[in-house]
Each structure stands twice: as structure tokens, then as C-alpha cells.
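When a ligand or atom number is given, it counts from 1 through the structure's own listing order.
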Amino acid sequence: MPSDTQAGKPEKILILGGTREAADLARELVAKGLDVTTSLAGRTKEPAPLDGKVRIGGFGGAEGLAAYLDAEGFTRVIDATHPFARTISANAVKACAIASLPLDIRTRAPWERQPGDNWIEVSSLEDAAAALPQNARVLLALGRQYLDAFLPRTDCHFVIRMVDPPETPFAFAHHTVLTAKPALNPDEEAALFRAHAITHIVCRNSGGDGAYAKIITARMMGLPVVMVGR
Ligand code: NAP
């Protein structure tokens, strides 16, 4: 990546972040001496420290983002947001068009089914809930805002892993909350699956390495994964 723009202005980069890949990218670009700001939506209470500058909170739509880019003198935007964060990605496209700035899209590719994977592919959370058999014990690997679709499954036991503990108790008939990040090591995931007698995993096809250990573990243990597509 050039350190000077075509107009001769030094590069000033805005990374739309909130992912491990965005944090890695910020570290890499700061190490090259570039002026980097990472933008976070503010969903996580205590975000991990990031290299470079950080700003937190929404911009007020595409126009708000365009105005921010202009006011702060950014020369480039990198979209390294989560692949399911669609609004901000669409806003980035519009804002960069308004501000006439280059946009690099670095969102993750989806995971591809590998030999040995037992995936039940669905296109909505409701379909995911309906795909679970009676009395399943389910690792629900989804963010807080995606859980309600599973409430009607009062026959199932849900194991819910979250970075921040829930602010209000969940209304599931049977559930366990684990306050933890996904393990990076499949053996650690396997120990967790066994400890909770997991029979099914539900997740979205987020891609990337950070949350892939559970997919490898499910493959090793022959467990079905209900995979919500993009
Ligand atoms: P979204 O639905 O695409 O965006 C909703 C609104 O949140 C946007 O219109 C924007 O508000 C604000 N926003 C989103 N990302 C932002 C960012 N990086 N910096 C500043 N404002 C941002 O996004 P989302 O799915 O809620 O995800 C929010 C953040 O969490 C993203 O940074 C994403 O990378 C991260 N994340 C999301 C997921 C996921 O499953 N969706 C998973 C892991 C991490 P304004 O319109 O006011 O600008």
C-alpha cells in the first residue's frame, strides 16, 4: 500500500473494524508507519486494545460517514468489518463514492464445506431453529441479537457462549451461559463439547480463522452443524 496518495498527500487510512482481521491489519499498517484509525461500532464493552487511533460509534449513515471522511482528511477506507455487518459495508461503498475516496474491501470469504463436514445449510435463524431435532443439546454460537429465534425450542438445551455476560437473563427453558471467547484450538473446543454433551452446533457462515475451531471439532466428532448462510 503506498504511503502517499496520487495527489502527494500522506495516506490517512480509516479501517472499519470490529474483527480480529481488522486488528491485525491495523498492527501491520501502523508498523509500516502509516496513519491509521480504526472505527468500532461500540457493541463490545471492553474492546481489545488496537494499534493506531480508535474512534467508537456510528457515523449517522453513509452521508455521516462521508462527512466524517472529509472533515478528518482521510485518503483511503478499508472495510474489514464482519461479513454479516452489511449496513456499514453498504454505507462504506456509498460514502466513498460521495467523498471520491478509494475503498479496499477486506471482508472474509465464507467457509467452504470440507470432506467429513455434516452441515445442515439454512438461510435464516428461524430455519436453523426448525432444523434442530427434539431434545438436542446445542452450542448456539451466535451473538446476543440472534438468539430469540430459538426461544420456542423449549425441548432443547442451549449452551450460549458470549464475550460479555448478558445484561438481562435469557428466557430459554433450558440453557447454560459461558462467558468466553471461542477457543482457537479444536482440542479445547472438543473438551467443551464433551463437558456439555453437545449434539449440534448452530452458527453463521462467518468465514475466517477466529471461529473456525468449532467447525473442525464438529468434523472430528461427527457432529452436525446448522450453518446459517449469508
Ligand atoms: P451493521 O448492521 O452493518 O451496522 C449497523 C450500524 O452500526 C451502521 O449503520 C453504523 O451506524 C454502525 N456501525 C457498524 N459498524 C461500525 C463500525 N465499524 N464503525 C462505526 N459504526 C459502525 O453492523 P453490525 O452487524 O451491527 O456490526 C457492528 C460491528 O460489529 C462491526 O464493526 C462489525 O465488524 C462487528 N462485528 C459484527 C458481527 C456480526 O455478526 N454482525 C460479528 C462480529 C463483529 P451509522 O449508520 O450510524 O454509521
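- Annotation: ligand 1 has protein neighbours G17, G18, T19, S39, L40, A41, R43, R55, G57, G58, F59, G60, G61, T81, H82, F84, A85, R86, T87, I88, N91, Y146, R204, each with a heavy atom less than 4.0 angstrom from the ligand.
- When all heavy atoms of W111 and C203 are compared, the pair lying nearest together is CZ3-SG, 4.3 Å.
- Electrostatic pairing of R113 and E121 counts as a salt bridge here, judged by a charged N lying under 4.0 Å from a carboxylate O.
- For R161, the CZ atom counts as densely surrounded, since its 6.0 Å shell holds more than 12 non-hydrogen atoms of other residues, nucleotides or ligands.
- By the 30° and 60° cut-offs, the orientation of the rings of F170 relative to F172 is perpendicular.
- Evaluation of the salt bridge (charged side-chain N to carboxylate O under 4.0 Å, His left out) rule for D79 yields no partner, not counting sequence neighbours.
- With respect to E21 and R108, a salt bridge is recorded, a charged nitrogen being found less than 4.0 Å from a carboxylate O.
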